[in-house]
Amino acid sequence: MRSRVSSLEGWFRDHARDLPWRRHRTPWRSLVSELMLQQTQVSRIALRFEDFMDRFPTPRVMVDAGEDEVLAAWEGLGYYRRARLLHAAARCIVETHGGEVPSTVGALESLPGVGKYTAGAVASIVFEVRAPIVDGNVVRVTSRVLGLDRRADDPTLLKEAWTFSEGLVQASASPSLCNEGLMELGATVCTPRRPTCAVCPLAETCAAARLETPDAIPRPKVRPVRQVVHMHLALIERSGRVLLEQRPAGGLWGGLWQPLGLESSESMTLEAFRQALPIELLRCEHVATRRRQLTHRTVFIEVHRAMTRRRSGRWFDRDEASRLGMARPIRDILDRYVWSSEAD
DNA sequence: AAAACGGGGGC
DNA sequence: GCCCCAGTTTT
């Protein structure tokens with residue numbers, strides 16, 4: 001195990017990618033980066049990280065900015081609950097840790113949105129604590145090094161991965177080099193398809209490297225069939241403002257803003273939609289259908305233009321709406337069917 | 001233990 | 001079209 005680790009650490013020292021959160025490392029920057037990176041590719045976050053940190057340079061600034069600001073800054077990154085959890089974590093850091101990110105696995109794990117992986121990552125990478133970490137990369141590397149021919153989401157494989165990581169970090173000279181190196185290896189060498197075993201620091205002691213097709217393991221996760229959701233929206237404008245509402249905190253696009261609408265498992269007729277809306281519409285016409293593929297479902301968005309006499313509700317002009325958190329497809333629809341038509 | 005939860009990128 | 005991604009929380 002010792003030689004495995006030192007070879008991994010040495011490899012990482014030489015081959016670490018130049019990433020924003022590595023360039024300038026602070027506990028807060030690392031915590032934010034880890035929350036952003038959950039189930040999200042490094043390349044996506046690398047583009048957004050510095051802007052986000054400029055906006056929220058400390059936990060205190062984030063708390064004062066408020067959850068809505070954080071949601072807005074999170075736009076396009078998905079899994080929006082993470083943004084709310086990050087804001088809650090910032091509040092917890094300010095209120096119970098004096099504004100400083102805690103350094104122990106236990107204290108980190110008690111923060112909202114921080115589970116075993118993230119706690120171990122921050123503790124080891126920032127504070128050099130001997131804590132193991134297991135992410136998708138580590139699961140893949142473990143299954144290959146140990147030659148475990150199981151599904152990537154097999155609970156027994158996950159357990160083996162934690163044990164493997166634990167063994168590595170205990171034998172390491174530097175928990176941060178060891179852990180980050182392990183993930184970096186999975187991201188750049190031991191990739192899901194066509195891993196480059198020829199340059200891998202673990203190849204000598206890897207079971208899969210001796211196989212003809214090392215990428216045959218781990219086996220793919222089982223994916224549930226995507227559910228279909230029909231979303232019906234009414235674009236209601238008046239004097240350069242559009243009527244919007246905030247989605248419930250839980251579920252799809254939780255806490256994000258959108259035009260008045262309804263969801264159903266089946267498509268609705270225009271009349272049914274009109275009847276089902278909680279406000280009376282003077283006119284309502286269907287203008288477009290958009291299809292959105294998400295990991296867990298297919299969303300059909302039926303876009304309508306409508307008018308109402310009603311004045312109550314939350315109305316926003318273009319500038320105000322730009323500062324609200326919205327799902328990407330919803331933002332696109334407003335840009336296309338509301339704001340662009342102002343020029344007509 | 002299983003389900004819920006986005007949006008892209010790579011092929 | 002399918003698979004994947006620096007996972008966590010809720011049920």
**Request:** Taking atom CZ of A/Arg25 as the centre, report whether more than 12 heavy atoms of other residues, nucleotides or ligands fall under 6.0 Å from it.
**Result:**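 Enclosed: over 12 neighbouring heavy atoms sit under 6.0 Å from CZ of A/Arg25.
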**Request:** Using a cut-off of 6.0 Å, state whether more than 12 heavy atoms not belonging to A/Glu245 lie near its atom CD.
**Result:**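 It does: A/Glu245 CD has more than 12 such atoms within range.
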Can you tell me how far [atom2] of [N] sits from [atom1] of [X], to the nearest Å?
X        : N     : atom1 : atom2 : answer
A/Arg331 : B/dG6 : CZ    : P     : 16 Å
A/His296 : C/dC5 : NE2   : P     : 13 Å
A/Gln258 : B/dG6 : CD    : P     : 12 Å
A/Arg290 : B/dG7 : CZ    : P     : 14 Å
A/Met326 : B/dG6 : CE    : P     : 16 Å
A/Arg247 : B/dG6 : CZ    : C1'   : 12 Å
A/Leu294 : B/dG8 : CG    : P     : 10 Å
A/Leu182 : C/dA6 : CG    : C1'   : 11 Å

When the [atom1] atoms of [N] and [M] are considered, how many whole Å apart are they?
N     : M      : atom1 : value
B/dG8 : C/dT9  : C1'   : 23 Å
B/dA3 : C/dA6  : P     : 24 Å
C/dT8 : B/dG9  : C1'   : 23 Å
B/dG6 : C/dT11 : P     : 15 Å

**Closest non-hydrogen atom pair between A/Tyr337 and A/Ala288, with its separation** =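 In terms of heavy atoms, the two residues are closest at OH-CB, 3.2 Å.
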Using a heavy-atom cut-off of under 4.0 Å over every strand shown, decide if [X] touches base, sugar-phosphate, or nothing.
X        : answer
A/Ile45  : nothing
A/Gly250 : nothing
A/Arg328 : sugar-phosphate

May I ask you to decide whether [X] forms a salt bridge with [Y], counting only side-chain N to carboxylate O separations under 4.0 Å?
X        : Y        : value
A/Arg23  : A/Asp18  : yes
A/Arg331 : A/Asp335 : no
A/Arg29  : A/Glu50  : yes

**Prompt:** Any N or O donor-acceptor pair linking the side chain of A/Arg82 to the base of C/dT8 at under 3.5 Å?
**Reply:** no
**Request:** State whether the distance check finds a donor on one side and an acceptor on the other, under 3.5 Å, for side chain A/Thr295 versus base B/dG6.
**Result:**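 When only heavy-atom distances are counted, A/Thr295 does reach the base of B/dG6 through a donor-acceptor pair under 3.5 Å.
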Are any non-hydrogen side-chain atoms of [X] and [Y] less than 4.5 angstrom apart?
X        : Y        : value
A/Arg314 : A/Leu244 : no
A/Val299 : A/Pro329 : no
A/Met268 : A/Glu302 : no
A/Asp317 : A/Ser239 : no
A/Val114 : A/Leu31  : yes
A/Leu324 : A/Asp68  : no

**Request:** Could you pick out which residue, A/Gly113 or A/Pro192, lies toward the 5' side of DNA chain C when each is mapped onto its nearest nucleotide?
**Result:**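 Nearest-nucleotide comparison on DNA chain C picks A/Pro192.
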Which one, [options], comes nearest to the side chain of [X]?
X        : options             : value
A/Arg226 : B/dG6, C/dC2, C/dA6 : C/dC2
A/Leu252 : B/dG6, C/dG1, C/dT8 : B/dG6
A/Trp253 : C/dT8, C/dC4, B/dG7 : B/dG7

**A/Glu9 side-chain N/O to A/Ala173 backbone N/O, donor-acceptor pair under 3.5 Å** =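 Yes; at least one donor-acceptor contact below 3.5 Å.
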**Message:** Among residues 16-44 of chain A, which ones have heavy-atom contacts with DNA chain B below 4.0 Å?
**Reply:**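 Heavy-atom cutoff 4.0 Å gives A/Gln39, A/Thr40, A/Gln41, A/Arg44.
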**Message:** On the nucleotide B/dA4, are OP1 or OP2 found under 4.0 Å from the side-chain N or O atoms that A/Tyr79 carries?
**Reply:**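 The answer is no; no side-chain N or O of A/Tyr79 sits under 4.0 Å from OP1 or OP2.
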**Asked** Reading DNA chain B 5' to 3', how would its secondary structure be written in dot-bracket notation, given Watson-Crick and G-U pairs with both distances under 3.5 Å, brackets [ ] for crossing pairs and | for partners on other strands?
**Response** |||||.|||||
**Complete:** Between A/Gly251 and A/Leu47, whichever has its closest DNA chain B nucleotide further toward 5' is A/Gly251
**Prompt:** Do any of residues 133-167 of chain A sit with a heavy atom less than 4.0 Å from DNA chain C, and if so which?
**Reply:**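 Going residue by residue through residues 133-167 of chain A, the ones with a heavy atom under 4.0 Å of DNA chain C turn out to be A/Asp135, A/Gly136, A/Asn137, A/Arg140.
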